[in-house]
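First the structure, in the form of structure tokens, and then the observations on it.
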Amino acid sequence: MSMPSTPSKNTSSASAKRLSRPARRAALVVHVVASASWVGLTLGLLALGITAAGTGSAVTVEASVRAMKLFADWLLLPVAFLTLVSGLVLSLGTQWGLARHRWVYVKFWLTLATTTATVFALRPGVNSAVAAVTAGGPLPDAGDVMMGPIVSLSAYLFMTVISVLKPWGLTKRGRRLREASGRRSGTATKPADSADSADSAGQARPARLGA
């Protein structure tokens with residue numbers, strides 16, 4: 001009769017690791033807003049890069065690359081890290097997990113790669129363009145101000161698509177966890193069923209003896 005208490009203990013410990021419903025909704029709102037802001041900033045950077053690369057006015061070039069530097073230094077990095085952290089919180093605090101579903105796993109690594117590229121590729125390219133233009137020279141390379149936003153925007157659009165479609169199913173870890181969960185639930189219910197059947201049999205025996 002003590003066996004049925006074990007599943008409830010496992011269930012309570014598993015649910016304790018998950019976010020509460022208000023916390024989950026708050027994290028989801030933060031993640032969606034940060035992701036949308038990241039896409040919007042990247043579109044703005046791409047528009048400024050196209051303007052700097054296509055205009056013949058030195059004043060317009062300088063204004064464009066300075067605006068790109070402002071976005072990259074003060075807005076893009078905080079939004080990128082907020083997207084990454086809120087995505088981790090949602091993955092680890094909900095039933096999706098971080099390595100259970102392939103689309104979550106791919107999205108995490110793409111977000112991490114894009115954030116790293118922002119720090120080590122996009123910002124240095126913009127800074128070199130600003131330094132060259134401020135010194136009175138021409139824009140050194142259009143790729144410095146255009147390729148970063150193009151690659152980042154492509155990654156964001158791809159991550160948006162897989163977030164909606166959720167393709168590819170479970171990972172090997174996800175399948176193992178599902179099978180282990182199924183075995184635990186099956187073994188947990190069997191003792192309870194046998195105990196109930198034993199109790200019902202014990203209650204039925206005196207009736208048969210009395211007869």
Would you mind listing every side-chain hydrogen bond (donor to acceptor under 3.5 Å, both in side chains) that reaches into [range], with sequence neighbours excluded?
| range | value |
| --- | --- |
| residues 81-93 | H31-S86 |
| residues 36-57 | W38-Y156, S57-T60 |
| residues 73-82 | K69-D73, D73-R123 |

Tell me whether [Y] is reachable from [X] by hopping between hydrophobic residues (I, L, V, M, F, W, Y) whose side-chain heavy atoms are closer than 4.5 Å.
| X | Y | value |
| --- | --- | --- |
| I50 | V130 | yes |
| V30 | V85 | no |
| L77 | L88 | no |
| L41 | F158 | yes |
| L46 | L48 | yes |

Quick one: salt bridge (charged side-chain N to carboxylate O under 4.0 Å, His left out) partners of [X], sequence neighbours excluded?
| X | value |
| --- | --- |
| K107 | none |
| R102 | none |
| D141 | none |
| R66 | E62 |

Should [X] and [Y] count as side-chain neighbours, where that means a heavy-atom distance under 4.5 Å?
| X | Y | result |
| --- | --- | --- |
| L139 | V133 | yes |
| L153 | V39 | yes |
| W168 | I162 | yes |
| R18 | T94 | no |

Given side-chain contact (heavy atoms from CB on, under 4.5 Å), test V89 with L19 step by step and report yes or no.
CA-CA 9 Å; V89 170; L19 296 172; 3.9 Å; yes

Restricting to ring pair (Phe, Tyr, Trp, His ring centres under 6.0 Å), what partner residues turn up for W96, sequence neighbours left out?
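Ring pair (Phe, Tyr, Trp, His ring centres under 6.0 Å) list for W96, sorted by chain: H101, W103.
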
When you look at CZ of F108, are more than 12 heavy atoms from neighbouring residues, nucleotides or ligands closer to it than 6.0 Å?
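Atom CZ in F108 is packed in, count exceeds 12.
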
Output side-chain donor-acceptor pairs under 3.5 Å for residues 115-122, partner residues at least two apart or in another chain, one line each.
from, atom 1, to, atom 2, distance (Å)
T115, OG1, T111, O, 2.8
T116, OG1, L112, O, 2.8
T118, OG1, T114, O, 2.9

Please list all pairs passing the salt bridge (charged side-chain N to carboxylate O under 4.0 Å, His left out) test where one or both residues lie in [range], with sequence neighbours left out.
| range | answer |
| --- | --- |
| residues 81-91 | none |
| residues 76-94 | none |
| residues 157-175 | none |

Derivation and outcome, side-chain contact (heavy atoms from CB on, under 4.5 Å), residues F71 and V126
CA-CA 10 Å; F71 284 174; V126 171; over 6 Å; no

So does M159 get a backbone contact from the side chain of S163, meaning a donor-acceptor N/O pair under 3.5 Å?
yes

